[in-house]
Novice: 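Take this structure, written in structure tokens, and hold onto it; I'll ask about it next.
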Amino acid sequence: MNLSRLAEIQIKYASLYRPGQYRRPKLIAGVDCSYRGELIACAGVVLSKEGKVLQAAQIKGRVFFPYISGFFAFREGPWLLALLRRFSLRPELLFVDGNGLLHPRKAGLAVFVGVRTGLPTVGISKKPMEDFPWKCGKRLLPLDGGFALCRKGWKRPVFISPGNLLSPEAALRAYEENSPAKIPSPIKMAHSLARRLLY
DNA sequence: GCGACAG
DNA sequence: ATCTTGTCGC
């Protein structure tokens with residue numbers, strides 16, 4: 001299974017992406033993974049619209065795919081799918097740590113997770129995949145498949161793109177209306193849970 | 001060889 | 001991501 005073959009698979013996933021309008025979610029979730037050597041731990045939380053943790057889950061195991069820029073979904077995607085199966089609640093918005101359509105083949109981690117689960121997903125990343133002047137000169141910079149957003153006081157932007165069932169504009173709205181913090185709280189909670197699991 | 005490169 | 005010291009800001 002070489003990279004060009006995996007790239008073809010990504011193109012297939014990209015074709016399965018569907019846009020959609022933003023709907024105010026009653027359940028918002030976030031997932032993230034941490035590493036410690038060969039160990040990987042992934043966690044996720046489902047929050048009520050009031051911000052209360054309704055469900056939390058975590059899994060741990062050994063990595064089976066290396067980190068390769070542009071193929072991140074093959075490293076974390078399978079773990080996130082296994083993790084999400086542990087939730088009985090079905091979130092109407094899922095924040096993923098990584099990109100969605102902001103990807104060379106429009107198939108970032110959020111697209112993989114969104115297409116496979118059928119959940120509306122939004123990819124959040126702190127770095128662009130392709131190099132470009134990412135200074136916060138403008139508040140909002142439209143990109144091919146997503147946006148670079150700079151809020152007051154930020155030195156670096158946050159990159160927002162849909163993974164499934166949301167148009168780029170809807171993904172931006174989902175972020176703006178549900179994340180007063182730069183990194184959505186569900187992702188931050190998932191991050192700390194995943195880290196704890198490795199200690 | 002050096003820097004870049006979602007996490 | 002992780003390894004790490006100090007440092008700036010809310």
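Sequence lines set the chain letters: A, B, ... in the order given, protein chains first and strands last, and positions in each chain run from 1.
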Novice: When the distance from CG of A/Leu80 to C1' of B/dG7 is rounded to whole Å, what number comes out?
Specialist: 11 Å
Novice: Would one find more than 12 heavy atoms of other residues, nucleotides or ligands at under 6.0 Å from atom CZ of A/Arg23?
Specialist: no
Novice: What is the distance from CD of A/Glu38 to P of C/dC3, rounded to the nearest Å?
Specialist: 14 Å
Novice: To the nearest Å, how far apart are A/Arg36 CZ and C/dT4 P?
Specialist: 11 Å
Novice: Please work out whether the ring planes of A/Phe65 and A/Phe74 are parallel, tilted or perpendicular, with thresholds of 30° and 60°.
Specialist: tilted
Novice: Is any side-chain N or O of A/Ser69 closer than 4.0 Å to OP1 or OP2 of B/dA4?
Specialist: no
Novice: Write down the distance between CZ (A/Arg62) and P (C/dA1), rounded to a whole number of angstrom.
Specialist: 22 Å
Novice: Quickly work out the A/Glu76 CD to B/dA6 P distance and round it to whole Å.
Specialist: 13 Å
Novice: Return the value, rounded to whole Å, for the distance between atom CG of A/Leu198 and atom P of C/dC3.
Specialist: 9 Å
Novice: May I ask you to say what A/Asp97 touches in the nucleic acid, namely base, sugar-phosphate or nothing, with a heavy-atom cut-off under 4.0 Å?
Specialist: sugar-phosphate
Novice: Taking atom P of B/dG7 as reference, at what distance in whole Å does atom CZ of A/Phe112 sit?
Specialist: 18 Å
Novice: Within 45° of the six-membered ring axis of A/Tyr13 and under 6.0 Å from that ring's centre, is NZ or CZ of A/Arg116 located there?
Specialist: no
Novice: Which part of the nucleic acid, if any, lies within reach of A/Leu109 when heavy atoms closer than 4.0 Å are counted: base, sugar-phosphate only, or nothing?
Specialist: base
Novice: Answer with base, sugar-phosphate or nothing: what part of the nucleic acid does A/Phe71 contact at a heavy-atom distance below 4.0 Å?
Specialist: base
Novice: Measure from the side-chain heavy atoms of A/Arg195 and tell me the nearest of C/dA1, C/dC3, B/dA6.
Specialist: C/dC3
Novice: Does any N or O in the side chain of A/Gln55 come within less than 3.5 Å of the main-chain N or O of A/Phe87, such that one atom is a donor and the other an acceptor?
Specialist: no
Novice: Looking at A/Tyr199, does the NZ or CZ of A/Arg36 lie under 6.0 angstrom from its six-membered ring centre and within 45 degrees of the ring axis?
Specialist: yes
Novice: Can you measure A/Arg75 atom CZ to B/dC5 atom P for me and round it to whole angstrom units?
Specialist: 18 Å
Novice: If we require ring centres under 5.5 Å and near-parallel planes under 30°, does A/Tyr35 stack on B/dG7?
Specialist: no
Novice: Check the phosphate of B/dA4 against A/Lys127, side-chain N and O only, distance under 4.0 Å to OP1 or OP2. Yes or no?
Specialist: no
Novice: What's the closest nucleotide to the A/Phe72 side chain, out of B/dA6, C/dC3, C/dA1?
Specialist: B/dA6
Novice: Describe the nucleic acid contact of A/Gly123 in one word from base, sugar-phosphate, nothing, applying a heavy-atom distance below 4.0 Å.
Specialist: nothing
